[in-house]
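The structure presented is a predicted model; accordingly, all values stated were derived computationally and were not measured.
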Amino acid sequence: GVAGGDRRGGGGRGGGGGGRGSARLARNERAGSEGCAGNLAADAESALQVCGKADAAGYRRVQILAAETAGYALGMLGRFDEALASYHAAIDLEPDVAKPAAYNNLGAYLQGLGHNEEALALFDRAIGLEPETAEAWGNRGIGLSALGRHEEALTALDRALQLDPVFVDALTNRGIALYHAGRMAE
C-alpha cells in the first residue's frame with residue numbers, strides 16, 4: 001500500500017500519493033465533477049471499462065486520456081500499483097501530449113511512496129507544461145520540504161498560493177515548512 005494519511009495515501013493534490021493535507025485529486029480532474037471524472041469515485045469499475053474501449057479504438061490521444069482516467073479510477077479503487085502503471089502508460093505513449101495532471105498525479109503517488117526526487121522531476125514537468133497549476137506547485141513544495149529543503153519549499157508553496165489563495169493544503173504545508181525552517185514568527 002501507499003504510506004500516508006487517507007485511504008489514497010496522503011495529502012496535497014494529485015493522484016493519491018504522499019505529503020500532508022487532504023484530498024489529492026487534481027483540480028482539473030475534479031473540475032469535471034458534472035461529467036466523467038466526477039463520476040469515477042461512484043462508478044470506477046464502469047470508467048475502467050469505458051477506458052478499455054477507448055484504448056481499443058486506437059486513437060493516440062484517446063489512448064492517453066484513457067490511461068490517465070484509468071490511473072485516476074484505479075487510485076480511487078485503492079489499486080495503487082495499477083494506477084502507477086496507468087499514469088506511466090499515459091506519459092510513455094507521448095510525453096509531450098500527456099496532460100500536466102498525469103505528471104502531477106504520478107508524482108503524487110511516487111511522493112507518497114517516498115520517492116521525492118523522482119516526484120519533483122514530475123512536478124517540474126507538469127509546471128513546465130502548465131505553469132499556472134497550483135497543485136503541481138503545492139506538491140513540489142511538499143516534496144522539497146520532505147527533503148529538508150524548506151526555503152525552496154516555501155518558494156513553491158508561495159507560488160501555489162499566488163495561483164490559488166485558498167489552497168488549504170498549500171497553506172498548511174507552508175506553515176509546516178516555516179516551522180522546520182525555524183521561522184515560527186511567520
Side-chain angles (χ1 to χ4, degrees), residues 2-33 37-38 40-41 68-69 71-72 74-76 80 83-84 86-88 90-91 95 98-184 186:
V2 177
D6 66 19
R7 68 183 177 81
R8 288 182 308 277
R13 293 189 206 178
R20 296 170 289 249
S22 61
R24 267 187 104 42
L25 305 177
R27 175 174 298 164
N28 46 354
E29 295 294 341
R30 288 186 331 206
S33 63
L40 289 178
E68 290 169 349
T69 304
Y72 176 83
L74 289 160
M76 294 298 292
F80 302 114
L84 284 170
S86 289
Y87 282 122
H88 273 294
I91 291 168
K99 292 189 310 184
Y103 290 98
N104 185 55
N105 292 347
L106 177 57
Y109 277 109
L110 292 173
Q111 192 174 63
L113 295 170
H115 302 287
N116 290 303
E117 292 289 347
E118 189 177 354
L120 283 176
L122 292 163
F123 299 142
D124 288 343
R125 180 64 185 215
I127 291 166
L129 291 170
E130 189 177 309
E132 304 299 306
T133 178
E135 291 79 10
W137 281 106
N139 286 337
R140 186 176 199 283
I142 293 168
L144 288 165
S145 189
L147 292 169
R149 295 162 53 185
H150 303 295
E151 293 298 329
E152 290 175 79
L154 287 167
T155 300
L157 292 164
D158 285 343
R159 180 65 182 134
L161 289 166
Q162 287 173 348
L163 295 168
D164 183 356
V166 295
F167 185 175
V168 175
D169 293 338
L171 286 167
T172 302
N173 286 295
R174 185 177 189 282
I176 293 167
L178 284 168
Y179 173 81
H180 288 293
R183 295 168 50 186
M184 277 79 70
E186 293 179 57

Drop me the distance from Ile127's CD1 to Leu122's CG, to the nearest 0.5 angstrom. 11.0 Å
Restricting to side-chain hydrogen bond (donor to acceptor under 3.5 Å, both in side chains), what partner residues turn up for Thr133, sequence neighbours left out? Glu135
Taken to the nearest 0.5 Å, the spacing of Phe123 CZ from Ile142 CD1 works out to 7.5 Å
For the side chain of Tyr87 and the backbone of Tyr72, is there at least one donor-acceptor N/O pair under 3.5 Å apart? yes
Stepwise side-chain contact (heavy atoms from CB on, under 4.5 Å) test for Leu84 and Leu113: CA-CA 11 Å; Leu84 284 170; Leu113 295 170; 3.8 Å; yes
Please name the pair of heavy atoms, one in Gly138 and one in Ala160, separated by the smallest distance, quoted to 0.1 Å. N-CB, 3.6 Å
Sequence neighbours excluded, which residues qualify as side-chain contact (heavy atoms from CB on, under 4.5 Å) partners of Ala126? Pro100, Tyr103, Asn104, Ala136
Given side chains that start at C-beta, do those of Arg149 and Leu120 come closer than 4.5 Å, heavy atoms only? yes
Between OG of Ser145 and OH of Tyr179, what distance do you get to the nearest 0.5 Å? 12.0 Å
Of all heavy-atom pairs linking Ala156 and Leu144, the shortest is CB-CD1, 4.4 Å
So which heavy atom on Ala83 is nearest to which on Gly75, and how close? CB-N, 3.7 Å
Closest non-hydrogen atom pair between Pro165 and Leu171, with its separation: O-CD1, 4.1 Å
Set of residues satisfying salt bridge (charged side-chain N to carboxylate O under 4.0 Å, His left out) with respect to Glu151, sequence neighbours excluded: Arg183
Quick note, ring-ring contact (aromatic ring centres under 6.0 Å, His included) partners involving residues 124-149, not counting sequence neighbours, are none
The complete set of side chain to side chain donor-acceptor pair (under 3.5 Å) pairs with one or both residues in residues 113-123, sequence neighbours excluded, reads none
Non-neighbouring partners of Arg159 that pass salt bridge (charged side-chain N to carboxylate O under 4.0 Å, His left out), sequence neighbours left out: Glu132
Measure across Ala181 and Leu154 and return the closest heavy-atom pair with its distance rounded to 0.1 Å. CB-CD1, 4.4 Å
How far does CG of Asp169 sit from CG of Asn139, to the nearest 0.5 angstrom? 8.5 Å
Between Arg174 and Leu161 the two heavy atoms that sit nearest each other are CD-CD1, 3.7 Å
Among all residues two or more places apart in sequence or in another chain, which pass the ring pair (Phe, Tyr, Trp, His ring centres under 6.0 Å) test with His150? His180
Return the OG1 to CG distance between Thr69 and Leu74, rounded to the nearest 0.5 Å. 10.5 Å
